[in-house]
Each structure stands twice: as structure tokens, then as C-alpha cells.
Amino acid sequence: MDVPQFLYGTAWKEDRTPALTELAIRTGFRAIDTANQRRHYFEAGVGQGLAAAYRAGIVTRADLFLQTKFTYRGGQDHRLPYDPAADLATQVAQSLASSLEHLATDQIDSYVLHGPASGREWSDADAEVWAAMIKERDAGRTRLLGVSNVSPRHLIQMVASRAEPPAFVQNRCFARLGWDRDVRAFCAERGIVYQGFSLLTANPEALHHPFVTRIAAREHATPAQVIFRFARAVGMLPLTGTSSAEHMQQDLASLALPLSEQEVGAIESLAG
Ligand SMILES: NC(=O)c1ccc[n+]([C@@H]2O[C@H](COP(=O)([O-])OP(=O)(O)OC[C@H]3O[C@@H](n4cnc5c(N)ncnc54)[C@H](OP(=O)(O)O)[C@@H]3O)[C@@H](O)[C@H]2O)c1
């Protein structure tokens, strides 16, 4: 499948991960975001949820977009998906092999570097990991590649080092930064798809803003739906990690909300 409209995020669900992954698919999500980072995600549980959905005949693997991540040692707890003594390229290969096993597939759709090694720059370690990820892609174990938690500086340095640009950037999206305006502009210029997370939790000022609540009331919708619809309208691929069946339905239904160009522009500059 091609790039989806909405991503269902599986962080922080622990034992509920299999059931919530299955429920998300039953509700209509066709794209799943996870990570081989046991500290925040239960990737094997995502695999159990997928298996249940396959068994129930709701979808096949070909109907789904599966995305997972490589996480550096510093972002992990003791439950590592690789040998910490191995070099970074080997860690990438081991982590992805373990992800493919968890998700019971021989190819994922997107493999994402969870975050650069340093908050300040695109480092030699990142270059090494990215080269290893490209090797995995060329070997057919992922279709596309992405980076997450990056600043404009990371991206500029990455591109300046002549590294192949990512297909995806996944960032926490703050309304007070013009909804990550600079990174989104960088992505738009290069055909990179911007994936936004924490669209609701990072932005209470937008969620409760009278401009947003008025549109919600007019459309008999919720402010959360207006925010997700706005995110699509400016070209983002939004993530939702809701644990509620009702919110899952509302999030998918938000894609049909009518928003005028003026309203989209106004929400874009609501907080920054
Ligand atoms: N790359 C990274 O470093 C990174 C970091 C964080 C997250 N992520 C990804 O992004 C996904 C989403 O995480 P998030 O930070 O955006 O937070 P989230 O897990 O989606 O949390 C959203 C919160 O808003 C509430 N909510 C209320 N109304 C809602 C509605 N209509 N739809 C959805 N939620 C509603 C949810 O409560 P209910 O559950 O009751 O709906 C929940 O408490 C994660 O699961 C993960 O896959 C990636």
C-alpha cells in the first residue's frame, strides 16, 4: 500500500497493545506505528494484534502500512533488541531482524531512526546508522526510511553530508512553533512526508482555543477532530495513540470534516 492518511500509534499500551492494535484495525486504521524499544512500546504485542486481525479475516499484511524504529542504547532500558557491544550497523541489522520477527513479516513499510544521537547535530554515529538503514532498505527489509525527533539543523546537516534524504520525518508537533513550521517547510520542499505526533497533548492552547471550539460546534465535531483535520489539510500525516474505541472512530471520521482554506490558515498561526 502507499502512504496512509492516518497512523495508529502503539506507545505506552503495555499489556493492552495486542487488543488495541486489533481494535484499531477493526475500526479502520490501516497504518501502525511502533518501535523496537520495550521501554515505551510492546512491539511483539503489536505483532499479536496483527495476527489476531489476520486470523479474523479483517485484513491481510498487504492491506497494512507497518512502521517501526531503531532506537539507540541511550533511549532503551535493559530490554535491548541488539547486542550493545556490537557496532552500530550490526545493532541496526539485529534490531530490524527482531522487529520483522515481532511483526511476522519479511518487509516493513517504513523504518525510522527514533532520534539522532545528539540533540545538537547530525553526528558520525547517525551517518553510520543511516547508512546501515539504507543497506537494510536495499536488501528489501523495509520499503521506506525515516527520521524522528529532528530539528531543522539536523536535517540541513544530514542533507549537506550528501546522505540520502528520508521519506518521512516524525516529530512532536507544537502549535506554538507554527506546528513545526520550519521542519514542515523543509519537508515540503523535498517531497518528504511529515508525520506529526502529540498533536493534542502538546497543544492544549489550540485544542481549547475559541476559534477551534467554534468550528467543532458548527460541525457537531470535537476540537480533537478539528485539529486532526487541520493536520491533514496542511499535508501532515497525523498519529493518534488513543485507547478509546470512540476516539478511534472520531479520529478517522475527522478526515471528512469541511475546513475552509482561511480556517486552515488561521489555525496554522493560532499559537505561533
Ligand atoms: N517518535 C517518537 O519519539 C514518538 C514519541 C511519542 C509518540 N510517538 C508515536 O505517536 C503516537 C501518538 O502519541 P501522542 O504523543 O500523539 O499521544 P497519544 O498517545 O495519541 O495520546 C493522546 C491523548 O489524547 C487523548 N484524546 C482525547 N481525545 C482524543 C481523540 N479524539 N483522539 C485521540 N486522542 C484523544 C487520549 O486519550 P484516550 O486514550 O482516552 O483517547 C490520550 O490521552 C504514539 O503511540 C507513538 O506511536 C512517537
Side-chain angles (χ1 to χ4, degrees), residues 3-4 6-7 9-11 31 33-37 39-41 65-76 88-89 91-92 95-96 99 108-137 142-203 231-232 234-241 268 271-272:
V3 174
F6 223 127
L7 273 165
T10 60
D33 176 83
T34 185
N36 208 344
Q37 181 202 32
R39 180 176 172 188
H40 294 304
Y41 297 79
F65 177 98
L66 300 180
Q67 173 169 280
T68 190
K69 312 187 190 83
F70 172 79
T71 312
Y72 279 114
R73 176 76 189 89
Q76 303 271 10
L88 288 170
Q91 290 184 15
V92 169
S95 191
L96 181 52
S99 290
I108 51 167
D109 296 281
S110 167
Y111 199 43
V112 173
L113 171 57
H114 209 152
S118 152
R120 289 178 307 281
E121 59 180 9
W122 182 254
S123 65
D124 291 348
D126 300 323
E128 197 179 330
V129 165
W130 190 244
M133 289 171 63
I134 288 172
K135 227 174 113 189
E136 296 297 321
R137 194 270 319 276
T142 180
R143 213 157 55 76
L144 299 163
L145 296 172
V147 292
S148 181
N149 298 302
V150 287
S151 64
R153 188 179 155 89
H154 284 123
L155 290 168
I156 290 163
Q157 289 180 345
M158 181 187 189
V159 166
S161 74
R162 299 193 176 279
E164 181 184 316
F168 299 109
V169 165
Q170 181 183 106
N171 266 5
R172 178 164 281 125
C173 190
F174 290 102
R176 65 172 180 275
L177 301 177
W179 305 89
D180 214 2
R181 184 180 283 119
D182 294 348
V183 171
R184 286 193 296 117
F186 182 98
C187 292
E189 278 165 27
R190 290 166 181 80
I192 299 168
V193 174
Y194 179 97
Q195 302 180 1
F197 64 85
S198 302
L199 282 161
L200 307 181
T201 49
N203 303 308
R232 280 305 292 157
V234 294
M236 282 187 219
L237 171 53
L239 285 107
T240 174
E268 194 163 21

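Smallest separation of non-hydrogen atoms from V150 and N171: O-ND2, 2.8 Å. Here the closest heavy-atom approach between residue M158 and residue V147 is recorded as CE-CG1, 4.0 Å. When every heavy atom of S148 is checked against every heavy atom of P116, the shortest pair comes out as O-CD, 3.5 Å. Residues E128 and A89 approach most closely at OE2-N, 4.2 Å, considering heavy atoms. For the residue pair A202 and C173, the shortest heavy atom distance occurs at CB-O, 4.1 Å. Of all heavy-atom pairs between F6 and L237, the closest is N-CD1, 3.5 Å.
Here N149 contributes atom CG and H154 contributes atom NE2; the two are 9.5 Å apart, rounded to the nearest 0.5 Å. Taking SG from C187 and CG from L155, the interatomic distance works out to 6.0 Å, rounded to the nearest 0.5 Å. In this structure, F65 CZ and L144 CG are separated by 6.0 Å, a value rounded to the nearest 0.5 Å. The NZ atom of K69 sits 8.0 Å away from atom CD of Q37, with the distance rounded to the nearest 0.5 Å.
Side-chain contact check for L239 versus Q170: some heavy-atom pair is nearer than 4.5 Å. V92 places none of its side-chain heavy atoms less than 4.5 Å from the side chain of W130. Counting only heavy atoms from C-beta outward, the side chains of E164 and R137 approach each other to under 4.5 Å. Side-chain contact between I108 and L96 is present, with heavy atoms from C-beta onward closer than 4.5 Å. For the pair V234 and Y194, the minimum side-chain heavy-atom distance is 4.5 Å or more. Between V3 and F168, the closest side-chain pair of non-hydrogen atoms falls below 4.5 Å. Side-chain contact between P152 and F186 is absent, with no heavy atoms from C-beta onward closer than 4.5 Å.
Not a single donor-acceptor pair under 3.5 Å links the side chain of D109 to the backbone N or O of Q67. At least one donor-acceptor pair closer than 3.5 Å links the side chain of T10 to the backbone N or O of D33. Here the side chain of R184 pairs no donor or acceptor atom with the backbone of G235 at under 3.5 angstrom.
Atom CZ of R120 has 12 or fewer heavy atoms from other residues, nucleotides or ligands within 6.0 Å.
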side-chain hydrogen bond (donor to acceptor under 3.5 Å, both in side chains) assessment of S99 paired with N36: CA-CA 6 Å; S99 290; N36 208 344; 3.2 Å; yes
